[in-house]
S.K.: 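Starting off with a structure, shown below.
We count residues from 1, following the sequence as given. Predicted model, so just to flag it, every value in this text is computed and none were measured.
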Amino acid sequence: MRPTSPPATEATEATGTTGTTGTAEATETSRAARGTAAVLSRLPRARLRRAVRSAAWRRGPVLTGAALLLGLVMLLHGGIPNRVGALGSLVETFLPWCGLLVPVLAAGALWRRSASAGIALVLPVTVWLSLFGGLLGDKSAPGGDDLTVATHNVGADNPDPAGTARDLVASGVDVLALEEITEEDRGVYEKGLATAYPYHTVQGTVGLWSRLPLSDPRPVDIATDYGPLADTKPADVRLAGNRALRATVATDRGPLVVYVAHLGSVRLTPRAGFWTDSRDRNAQALGKALAADRSERVLLLGDLNGTVDDRALAGITSRLRSAQEAAGDGFGFSWPATFPVARIDQILVRGVEPTGSWVLPATGSDHLPVAAGVSW
């Protein structure tokens with residue numbers, strides 16, 4: 001007899017079970033191997049990305065520090081000391097130009113691929129926009145002006161005072177203030193402006209011309225003559241060097257008090273720094289005169305040798321507001337005429353509403369004339 005074989009079904013089932021188990025284990029092993037390989041393959045790239053991100057934050061520490069410093073200078077400019085070299089006034093004179101450093105630092109941050117420098121630039125951008133963003137648009141009000149006014153430092157070295165007079169007449173303003181009038185050129189301006197402006201007064205080196213009647217013109221003492229010898233000068237000598245006046249313009253809306261002033265010059269020298277002594281002394285004296293004047297409507301026209309951001313003019317700017325800031329278009333820089341970098345020629349008001357403020361075309365002076373419309 002031949003040996004009996006196991007049933008075919010049992011053998012098949014045994015073989016099938018063994019085969020299925022082996023295939024499953026192989027599949028699972030293959031999956032694990034592929035997962036492990038994928039994790040291992042991702043590790044270098046993850047480390048690389050983390051390294052890149054880390055490097056982006058660490059790059060450009062100097063650029064980051066410069067951006068933060070720029071923002072802090074603009075934000076805290078009032079705290080910069082003014083005792084040595086009038087550093088605070090110097091910074092405030094050119095404060096709007098700090099904005100030019102922002103694109104320079106931004107370009108550096110992009111070149112260095114510095115994330116920290118890019119984030120740090122948010123501070124100076126925000127501060128600059130809060131300080132000067134309002135000057136970027138045209139704020140002039142539609143409608144007619146009750147009065148148009150202008151002021152111009154005509155320049156002691158003006159080679160063509162007659163041409164300057166013609167240019168100013170062409171502006172068509174109602175009231176015109178001039179500063180730095182020399183004795184030699186006074187007659188030229190009086191003759192050139194006489195037809196358009198029948199009323200005028202000249203007190204020392206400043207003058208006021210008007211289409212409307214003037215009354216009570218008088219010099220204003222802004223401490224131009226200062227020191228032990230000042231009181232010994234004769235009255236006519238002191239008047240010749242006078243640099244401020246006050247007069248009243250008769251309008252159909254009532255009297256308007258107008259001050260014309262030319263504050264002392266400033267100098268930037270290696271030894272003294274930003275020298276502003278005479279300017280600051282004049283500003284304090286003028287501020288006291290304005291504080292004592294109880295007139296309802298007041299205009300101040302003139303070359304103040306300082307911007308409205310300069311703390312040295314706080315005694316003036318705390319009592320009057322800038323027509324350019326209230327109703328101008330842009331910064332309205334007025335000096336120097338060839339490439340203006342600062343607005344030191346000002347039209348400041350109290351009791352009237354500025355409706356517009358603009359810069360007039362250049363004349364033979366090193367200053368640009370500035371004009372404004374007011375109503376009340």
Side-chain angles (χ1 to χ4, degrees), residues 149-171 173 175-210 214 217-227 229-230 233-247 258-267 275-279 281-283 285-286 300-306 334-338 340 342 344-347 359-371:
V149 300
T151 182
H152 188 28
N153 180 326
V154 293
D157 298 324
N158 191 325
D160 185 18
T164 294
R166 288 193 299 271
D167 292 339
L168 293 173
V169 169
S171 70
V173 298
V175 177
L176 173 65
L178 301 186
E179 304 86 48
E180 210 165 290
I181 304 170
T182 65
E183 192 61 35
E184 294 79 13
D185 293 338
R186 174 175 173 172
V188 177
Y189 290 113
E190 289 178 327
K191 180 180 179 180
L193 299 172
T195 302
Y197 302 98
Y199 307 97
H200 88 281
T201 178
V202 176
Q203 306 285 335
T205 64
V206 295
L208 183 66
W209 277 259
S210 175
L214 296 176
R218 62 179 185 263
V220 176
D221 184 6
I222 57 171
T224 298
D225 285 310
Y226 179 78
L229 298 179
K233 293 182 179 181
D236 58 340
V237 173
R238 297 191 68 179
L239 179 58
N242 180 71
R243 292 165 68 104
L245 67 81
R246 179 190 187 276
V258 178
Y259 284 81
V260 181
H262 182 195
L263 304 189
S265 299
V266 298
R267 298 286 185 271
W275 183 83
T276 62
D277 291 0
S278 64
R279 191 278 306 270
R281 185 176 66 249
N282 296 162
L286 181 57
L300 170 59
L301 313 173
D303 174 8
L304 304 189
N305 272 309
S334 63
W335 180 88
T338 52
I344 61 176
D345 301 277
Q346 306 292 352
I347 297 176
V359 178
L360 295 171
T363 71
S365 172
D366 59 339
H367 289 244
L368 295 176
V370 297

S.K.: Which heavy atom of G155 sits nearest to which heavy atom of S365, and what is that distance?
M.R.: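 Reported closest heavy-atom pair: N-OG, 3.7 Å.
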S.K.: Between CG of L214 and CG of L245, what distance do you get to the nearest 0.5 Å?
M.R.: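 The distance works out to 9.5 Å.
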S.K.: Could you tell me which non-hydrogen atom of S334 sits nearest to which non-hydrogen atom of D345, and how far apart they are?
M.R.: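 That closest heavy-atom pairing would be OG-OD2, 2.6 Å.
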S.K.: Please name the pair of heavy atoms, one in L239 and one in Q203, separated by the smallest distance, quoted to 0.1 Å.
M.R.: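 Taking every non-hydrogen atom into account, CD1-OE1, 3.8 Å.
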S.K.: Checking the side chain of R243 only, and the main-chain atoms of I222 only, is there a donor and an acceptor separated by less than 3.5 Å?
M.R.: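 Not at all, since once roles are kept as given, no pair shorter than 3.5 Å links the two residues.
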S.K.: For the residue pair T363 / D167, report whether a side-chain donor-acceptor contact shorter than 3.5 Å exists.
M.R.: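 No, no side-chain donor-acceptor pair sits under 3.5 Å.
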S.K.: I'd like to know if the side chain of N282 reaches the main chain of G264, judged simply by a donor and an acceptor atom lying under 3.5 Å from each other, with no hydrogens or angles considered.
M.R.: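 The answer is yes, because a donor-acceptor pair under 3.5 Å joins these two groups.
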S.K.: Quick one: pull up CG in L304 and CG in L263 and give me the separation to the nearest 0.5 Å.
M.R.: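 One gets 5.0 Å once the value is rounded to the nearest 0.5 Å.
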S.K.: Rounded to the nearest 0.5 Å, what separates atom CD in E180 from atom CG in D366?
M.R.: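 If I round to the nearest 0.5 Å, the distance is 7.0 Å.
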S.K.: Check for a donor-acceptor pair, side chain of D303 on one end and backbone N or O of H262 on the other, with a separation under 3.5 Å.
M.R.: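 No; zero donor-acceptor contacts below 3.5 Å.
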S.K.: Would a distance-only check, ignoring hydrogens and angles, find a side-chain to backbone donor-acceptor pair under 3.5 Å from T182 to D185?
M.R.: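 Side chain of T182 to backbone of D185, a donor-acceptor pair under 3.5 Å: yes, one is there.
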S.K.: If I compare all heavy atoms of A165 with all of Y189, which pair ends up nearest, and what's the gap?
M.R.: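 Of all heavy-atom pairs spanning A165 and Y189, the closest is CB-CD2, 4.2 Å.
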S.K.: Quick check for you: to the nearest 0.5 Å, what is the distance between L300 atom CG and T151 atom OG1?
M.R.: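 That separation rounds to 8.5 Å.
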S.K.: Looking only at non-hydrogen atoms, find the nearest pair between A337 and L368 and report the distance.
M.R.: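 Here A337 and L368 meet closest at CB-CD2, 3.8 Å.
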S.K.: Is the W209 ring parallel, tilted or perpendicular to the H200 ring (thresholds 30°, 60°)?
M.R.: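 The rings of W209 and H200 lie parallel, inter-plane angle below 30°.
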S.K.: Start with the C-alpha gap between H152 and L178, add the side-chain angles, then the distance that decides, and say whether side chain to side chain contact (heavy atoms under 4.5 Å, CB included) holds.
M.R.: CA-CA 5 Å; H152 188 28; L178 301 186; 4.1 Å; yes
S.K.: Evaluate T224 against N242 for side chain to side chain contact (heavy atoms under 4.5 Å, CB included), listing each step before the verdict.
M.R.: CA-CA 7 Å; T224 298; N242 180 71; 5.8 Å; no
S.K.: Minimum heavy-atom separation for G207 to I181, with atom names?
M.R.: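 Reported closest heavy-atom pair: N-CD1, 3.7 Å.
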S.K.: Hey, does the side chain of N305 reach the backbone of V266 with a donor-acceptor pair shorter than 3.5 angstrom?
M.R.: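 No.
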